[in-house]
Amino acid sequence: MVSLRGWQSFPEQLPEFDPDHTPETPEELFLAWLTEAGEHVLAPHAVTLSTVDADGAPDARVVILKNVDEDGWAIATSSESPKGQQLAANPRAALTFFWPGRGRQVRVRGLVVPAAPEVSAADFLDRPPASRAEAYVGHQSEVLSDPAKLVEAAEAAADWVAENPDVAPETWTRYLIQPESVEFWQASHDRQHLRVRYRREPSGWVRERLWP
């Protein structure tokens, strides 16, 4: 096995970050970081969504961030998917963004609520046809005993989408993570990494500097 300590973690040149001069809301800082990351790395909007299953065990997978505004941090999936079922049973989640090419990480934790049905439908119809067809295939995470069944289901789903271009499944749901805390982490080559946490209080956001 290769030495895991031999690989470089971050580029020599890291972006600047002044933790003493940050915006009043985490959304403002996140969107600035996301825009900056988009100029340097692939899929800056890819995020690890962590939930809890019926046994209380953590579960995680990478999804795509759909939007960030005052209503929440949006992702979307079928309510019948494993993550949809887990969110129905325990509507709390964490999001983790990691951009090693910029030495940055963002962590979001909070409650999860479904968006209005018309918002979820619009989200689905904004997807390209191939992505909509994928959603109609179904059986996510179930055992696939015969790969030919997947081909058949994919073809049938593509035909359905072509014949019903303006229809969204009732199970498609945009979920809004309403953060209770958002942490920004900036790597530093001297190992004195910079961490700022936004913590929601009844009066608004509280900004705190954290030890590395």
Side-chain angles (χ1 to χ4, degrees), residues 27 30-31 34-35 37-39 41-99 106 108-179:
E27 291 85 3
F30 174 78
L31 291 173
L34 178 67
T35 300
E39 298 174 356
V41 303
L42 294 174
H45 56 336
V47 58
T48 299
L49 168 68
S50 300
T51 54
V52 176
D53 68 15
D55 297 321
D59 200 358
R61 74 290 285 163
V62 176
V63 298
I64 295 298
L65 180 73
K66 294 303 190 77
N67 192 43
V68 175
D69 58 25
E70 63 276 6
D71 293 327
W73 303 52
I75 59 145
T77 187
S78 169
S79 60
E80 295 180 340
S81 69
K83 49 189 173 293
Q85 295 179 43
Q86 290 168 9
L87 289 173
N90 186 345
R92 302 186 69 86
L95 300 175
T96 307
F97 297 86
F98 182 45
W99 305 307
V106 181
V108 182
R109 301 174 69 194
L111 295 171
V112 182
V113 298
E118 62 270 19
V119 174
S120 294
D123 178 281
F124 183 83
L125 296 177
D126 280 344
R127 294 162 63 90
S131 295
R132 280 181 271 153
E134 179 186 17
Y136 275 112
V137 169
H139 305 289
Q140 189 179 94
S141 299
E142 295 178 13
V143 174
L144 177 63
S145 57
D146 182 1
K149 295 293 185 182
L150 173 58
V151 176
E152 293 176 7
E155 291 176 347
D159 291 342
W160 166 261
V161 169
E163 296 169 2
N164 303 272
D166 299 321
V167 177
E170 293 183 359
T171 54
W172 189 259
T173 307
R174 176 179 278 212
Y175 292 95
L176 300 172
I177 293 86
Q178 299 178 336

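Source: prediction; values computed, not measured.
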side-chain contact (heavy atoms from CB on, under 4.5 Å) between Phe97 and His45, intermediate numbers included: CA-CA 8 Å; Phe97 297 86; His45 56 336; 5.8 Å; no

Test side-chain contact (heavy atoms from CB on, under 4.5 Å) applied to Val112 and Gln178, step by step: CA-CA 6 Å; Val112 182; Gln178 299 178 336; over 6 Å; no

Audit row: Leu95, Leu49, side-chain contact (heavy atoms from CB on, under 4.5 Å) steps and yes/no: CA-CA 5 Å; Leu95 300 175; Leu49 168 68; 3.7 Å; yes

Working for side-chain contact (heavy atoms from CB on, under 4.5 Å), residues Leu176 and Trp73: CA-CA 5 Å; Leu176 300 172; Trp73 303 52; over 6 Å; no

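Results of the side chain to side chain donor-acceptor pair (under 3.5 Å) test with Thr51 over Lys83, Arg92, Arg61 single out Arg61 as the only residue that passes.
Within the model, atoms CD of Glu80 and NE2 of His139 stand 10.0 Å from one another, a figure rounded to the nearest 0.5 Å. Between Leu34 atom CG and Leu65 atom CG the span is 7.0 Å, to the nearest 0.5 Å. Considering OG of Ser131 and CG of Asp126, their distance stands at 11.5 Å, rounded to 0.5 Å. Residue Arg174 holds its CZ atom at 7.5 Å from OG of Ser120, rounded to the nearest 0.5 Å. Interatomic distance, CD1 of Ile75 versus CG of Asn67, reported as 13.0 Å (0.5 Å rounding). Here the CD atom belonging to Gln85 is positioned 8.0 Å from the OG atom belonging to Ser79, to the nearest 0.5 angstrom.
Using modelled atom types, no side-chain atom of Thr173 and backbone atom of Tyr175 make a donor-acceptor pair closer than 3.5 Å. Within the 3.5 Å criterion, the main-chain N or O of Asp71 finds a donor-acceptor partner in the side chain of Asp69.
Of all the heavy atoms in Ala46 and Ile64, the pair that sits closest is CA-CD1, 4.0 Å. Contact record, Asp55 with Asp53: N-OD1, 2.9 Å, taken as the closest heavy-atom pair. Of all heavy-atom pairs spanning Pro44 and Trp99, the tightest one is O-NE1, 2.9 Å.
Residues Val47 and Phe98 are not in side-chain contact: their nearest non-hydrogen atoms beyond the backbone lie 4.5 Å or more apart. Residues Val68 and Leu31 meet the side-chain proximity criterion, which asks for heavy atoms closer than 4.5 Å. A heavy-atom distance below 4.5 Å is not found between the side chains of Leu125 and Trp172. Val63 is not listed as a side-chain neighbour of Thr77, based on a closest heavy-atom distance of 4.5 Å or more. In this structure, the side chains of Phe30 and Val108 stay at 4.5 Å or more apart for every pair of heavy atoms. Between Pro82 and Ser141 the shortest side-chain heavy-atom distance falls below 4.5 Å.
For Arg127, there are no salt bridge (charged side-chain N to carboxylate O under 4.0 Å, His left out) partners at least two apart in sequence or on another chain. Partners of Lys66 according to the salt bridge (charged side-chain N to carboxylate O under 4.0 Å, His left out) rule, which considers only residues two or more places apart in sequence or in another chain, are Asp123.
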Which atom pairs, one a donor and one an acceptor, fall under 3.5 Å between side chains of residues 147-167 and the rest of the protein, sequence neighbours left out?
unit_1, atom_1, unit_2, atom_2, d
Trp160, NE1, Tyr136, OH, 3.3
Asn164, ND2, Trp160, O, 3.0

